[in-house]
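Not measured: the values here are computed from a predicted model.
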Amino acid sequence: MTDHPLTDEICDQIQDSIHPCDPENMRAAVDWQLEQVIEWIKNCRDCDLFYIKDRDLMNFKMRRELQKAMRPQENS
């Protein structure tokens with residue numbers, strides 16, 4: 001058992017028999033992705049995204065930028 005919020009039980013619920021994954025690898029991936037998002041938030045170059053009055057536009061732009069932060073190895 002681990003103190004990580006992503007417990008073995010949750011890992012078992014997420015994965016399936018077709019795509020088995022080691023819980024430690026799942027936790028490492030989640031932690032890495034969270035680090036990317038935190039770094040993006042800390043270094044937000046386009047912070048005016050938080051102040052866009054059009055909520056749909058803001059949600060689109062924030063979602064796009066957040067996705068880039070979560071997967072920096074992909075070129076999009």
Side-chain angles (χ1 to χ4, degrees):
M1 195 66 177
T2 179
D3 289 336
H4 197 284
L6 187 55
T7 64
D8 289 345
E9 291 79 18
I10 294 172
C11 290
D12 289 342
Q13 292 173 4
I14 294 171
Q15 66 181 340
D16 58 33
S17 59
I18 297 171
H19 302 98
C21 187
D22 176 55
E24 286 302 315
N25 289 341
M26 291 176 82
R27 285 188 275 274
V30 167
D31 289 344
W32 177 86
Q33 203 167 49
L34 181 59
E35 289 173 11
Q36 305 309 306
V37 172
I38 291 170
E39 196 62 31
W40 173 76
I41 291 169
K42 287 170 38 177
N43 297 308
C44 181
R45 288 173 287 154
D46 204 3
C47 291
D48 63 332
L49 291 174
F50 292 106
Y51 302 105
I52 296 174
K53 293 183 183 196
D54 182 339
R55 288 187 80 73
D56 291 334
L57 179 61
M58 179 188 72
N59 290 338
F60 172 76
K61 286 185 175 183
M62 292 296 288
R63 185 170 51 249
R64 186 181 66 207
E65 293 301 316
L66 182 58
Q67 286 171 340
K68 287 180 188 177
M70 292 172 68
R71 294 181 177 81
Q73 73 279 7
E74 293 181 6
N75 295 325
S76 52

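Closest heavy-atom contact between P23 and D8: CB-OD1, 3.5 Å.
Considering CG of N25 and CD of Q15, their distance stands at 10.5 Å, rounded to 0.5 Å. One finds the CD atom of Q13 at 7.5 Å from the OG1 atom of T7 (value rounded to the nearest 0.5 Å). In this structure, CE on M26 lies 4.5 Å from SG on C11, to the nearest 0.5 angstrom.
The same ILVMFWY cluster, assembled from side-chain heavy atoms under 4.5 Å apart, contains both I14 and V30.
Taking the charged nitrogens against the carboxylate oxygens, D22 and R27 have no contact shorter than 4.0 Å, which rules out a salt bridge.
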Give the intermediate values and the outcome of side chain to side chain contact (heavy atoms under 4.5 Å, CB included) for residues H4 and D31. CA-CA 10 Å; H4 197 284; D31 289 344; 2.7 Å; yes
